[in-house]
Amino acid sequence: MSIKDTATVRVLWVKGAEPPPIDVGELVGERGQIECVESVEEAVRALRRESFDLIVSSSQDFLPLERPHLAPGAEVILETVPQGVCIVGADGQLVWANPKMLDFPGELRDRVCKSCVKTFSWGAADAKGGPNPARGRRFCVTTSDNRFFEITATPVIDLNNQVTQVAAVVWDATRALRLQERLDAIDSAGRELVRLDVEQITRLDSQERLALLEQKIIRLTRALMHIDNFAVWVLDKRTNKLEPVLSAGMTLEAQGLDVYATSEGNGIAGWVAHHGRSYICPDVRSDPRYLPGIEGAASSLTVPLRLHDRVIGVFNVESCQPVAFSEDDRQVLEIFARHVAISLHILELLVTERSTTTGKLGSDVMAEITAPLNDILTEVESLIEDYIGHDDLRHRLNKISSNAAGIRAAIKQVTAPQRGLVGRRPTRASRTDPVLNTKRVLIVDDEEVIRETVRDVLVTYGCEVTIAADGTAALELIGRQSYDLVLSDIKMPGATGYDVFAASKDADADRPVILMTGFGYDPNHAIVRARREGLAAVLFKPFKVDQLLGEIRNALRAAAPSKPD
């Protein structure tokens, strides 16, 4: 059936400068209603005013005329997409642009047009080579205000395989570029946090190791977040309490808060630890969950410290500026917090030896660290899914992936068997130690390996040793028996090491007490209080046999003058 055989046909005829190759009147016959216009602009206005069954125009006018003839839904999409979209002619002039494109600075529009002119000439050369479509081109542009844009320019080919115009899509890639830079920084920070210098680690006690880690986190947090104030809290699963481990810039009041992992009543940190979700507080004055952290705080960001599927604590940063933290900051801090969690966990496993051989310890560390490393990679991969086509981001992901191998190698090296750890049983002494011989010693620790290893060491040197598995049992023994020295862990279920210290001093003010702690824990500043009240010494796990014996000998010698023969 021809057009002449149909019902009334409405035709829009764009006359232009050249006569059409067909007779429009002959084409539509008597039933055709023809509206003639002289230019594309008039045709666009007519299309917006009413609909037509047929449009007759030059092929180079196709795209400008096609746009107003699109379905309403498609037109809305072009008007509302977040990218700039435009059509550029061979002369480098904008033929059409969506609102986003028109909102871009004139400087950027000019550079887009220049990129399209280049694409036009390249496309024309491609079109001469055969029927294959001309290739699009990709350009990167940085504007004077330090914003980064990416441009994809694609030649528009007519039925005669000629390039008539160039279509361009422009998007602001500044956020993606900043993310690339921060991923680089995270990769570098992660490498530094988990870098374990064997000689240095074995030379430091646990508090000194934490101090070293604290210095690194201060520097890296400043580099990543441009923030100087932070706090790291570790969750005690036995008590559900968040213990402050590392901090910078926080007030003493904030460090002394008793915070538990509950949904309400324990501040933002307690909420994050309970729910395992990050929390952006744009204005601390209007958030009832906020508890004081730094002087003059205006906003805060708190993320969970995750080891695989477990929340082991929280990482909190604060700013004196309101609304200082964005979703990008949240994503970056969550990834960085995973590195912090791994580094803290490595230290905890190293300083609290939970097996009788160091080789087994190394296996335990590897088993517990592999999953968190995989979680970091998974989180970074999900991040870059938002930036499909950004090869640089994928390159950085590969760098972070290679970091995992370095971490594993470092752990293997630092957990290799070494001499002098608490877990190593010394050879039997050749003669009785005059200071230690017959001394009655009470050992209090909730970890069996610590109790038994220390007992075996002291028995070898002639001590009479009693052991208690927790603070409550120790208090009962102190009330019934007399001891020359008490050696107690600080952090235990029931009564704490400070309670054991205080009870021992109440029973005998001259009796020396040595406290032990792992991972730098000092709940309620027990060490500080006990030192003021006559604490003999502190041992930071893991300690060497010589260090243990040296502290016990010193404590017994200091107490000897006041002891009866």
Side-chain angles (χ1 to χ4, degrees), residues 201-209 348-362 364 415-471 473-474 477-478 481-492 497 500-501 504 511-519 521 527 535-560 563:
I201 286 292
T202 56
R203 194 170 57 243
L204 303 177
D205 62 39
S206 62
Q207 241 185 9
E208 291 170 330
R209 294 170 188 174
E348 182 177 22
L349 289 171
L350 290 175
V351 302
T352 310
E353 190 171 11
R354 299 183 185 279
S355 57
T356 57
T357 66
T358 308
K360 177 66 164 53
L361 174 64
D364 290 345
T415 55
Q418 297 177 28
R419 297 175 58 84
L421 292 177
V422 168
R424 178 178 179 271
R425 304 190 180 202
T427 56
R428 179 170 295 275
S430 59
R431 58 190 179 88
T432 302
D433 188 296
V435 178
L436 301 177
N437 189 38
T438 70
K439 294 298 187 293
R440 298 180 300 276
V441 178
L442 173 63
I443 302 172
V444 190
D445 201 301
D446 60 324
E447 291 188 69
E448 182 179 3
V449 65
I450 300 294
R451 295 194 305 269
E452 292 184 353
T453 307
V454 174
R455 178 195 61 193
D456 290 350
V457 169
L458 296 183
V459 167
T460 300
Y461 287 89
C463 293
E464 299 174 9
V465 177
T466 303
I467 59 175
D470 57 49
L477 290 170
I478 290 171
Q481 302 179 32
S482 175
Y483 298 97
D484 296 294
L485 180 138
V486 174
L487 179 66
S488 174
D489 188 32
I490 292 178
K491 193 175 181 62
M492 297 178 295
V500 173
F501 165 82
S504 180
R511 178 188 299 154
V513 178
I514 297 176
L515 293 179
M516 301 178 290
T517 184
F519 196 36
Y521 280 122
I527 295 174
L535 180 66
V538 179
L539 285 170
F540 294 96
K541 303 174 186 177
F543 40 80
K544 296 181 180 181
V545 170
D546 290 344
Q547 183 183 3
L548 168 70
L549 296 175
E551 294 291 0
I552 292 177
R553 287 190 186 104
N554 291 339
L556 290 172
R557 288 191 186 105
K563 284 284 186 181

Do L442 and Q481 have side chains that get closer than 4.5 Å, going by heavy atoms? no
Where I467 and R455 come nearest, the two heavy atoms and their spacing: CD1-NH1, 3.9 Å
Which atom of A468 lies closest to which atom of L477, heavy atoms considered: CB-CD1, 4.0 Å
Closest approach of L535 and V538, non-hydrogen atoms and distance? CD2-CG2, 3.5 Å
Please identify which of these residues, V513, T466, V441, meets the side chain to side chain contact (heavy atoms under 4.5 Å, CB included) condition with Y483. T466
Looking at residues at least two apart in the chain, or sitting in another chain, which of them share a side chain to side chain contact (heavy atoms under 4.5 Å, CB included) with A536? P512, I514, A555
Is there a side chain to side chain contact (heavy atoms under 4.5 Å, CB included) between V500 and M492 once you walk through the steps? CA-CA 10 Å; V500 173; M492 297 178 295; 4.3 Å; yes
Side-chain heavy atoms of V454 within contact of D445, under 4.5 Å: no
Ignoring hydrogens, what is the shortest heavy-atom contact between T517 and D489? Give both atom names and the distance. CA-OD1, 3.8 Å
OG1 of T438 to CZ of R440, rounded to nearest 0.5 Å, is 8.0 Å
Heavy-atom distance under 4.5 Å between the side chains of L549 and L458, does that happen here? yes
Starting at CD1 of I443, measure out to OG1 of T453 and round the result to the nearest 0.5 Å. 9.5 Å
Check the surroundings of atom CD in E464: do more than 12 heavy atoms from other residues, nucleotides or ligands lie under 6.0 Å from it? yes
Give the minimum heavy-atom separation between E551 and A537, together with the two atoms involved. OE1-CB, 3.4 Å
Side chain to side chain contact (heavy atoms under 4.5 Å, CB included) evaluation trace for L539 with Q547: CA-CA 8 Å; L539 285 170; Q547 183 183 3; 3.9 Å; yes
Donor-acceptor pair, T460 side chain versus D456 backbone, under 3.5 Å? yes
Distance from C463 atom SG to N437 atom CG, nearest 0.5 Å? 8.0 Å
Do R511 and V486 make a side-chain contact, defined as non-hydrogen atoms from C-beta onward lying under 4.5 Å apart? yes
Quick check: closest heavy atoms across R553 and L436, and the distance to 0.1 Å? CG-CD2, 4.2 Å
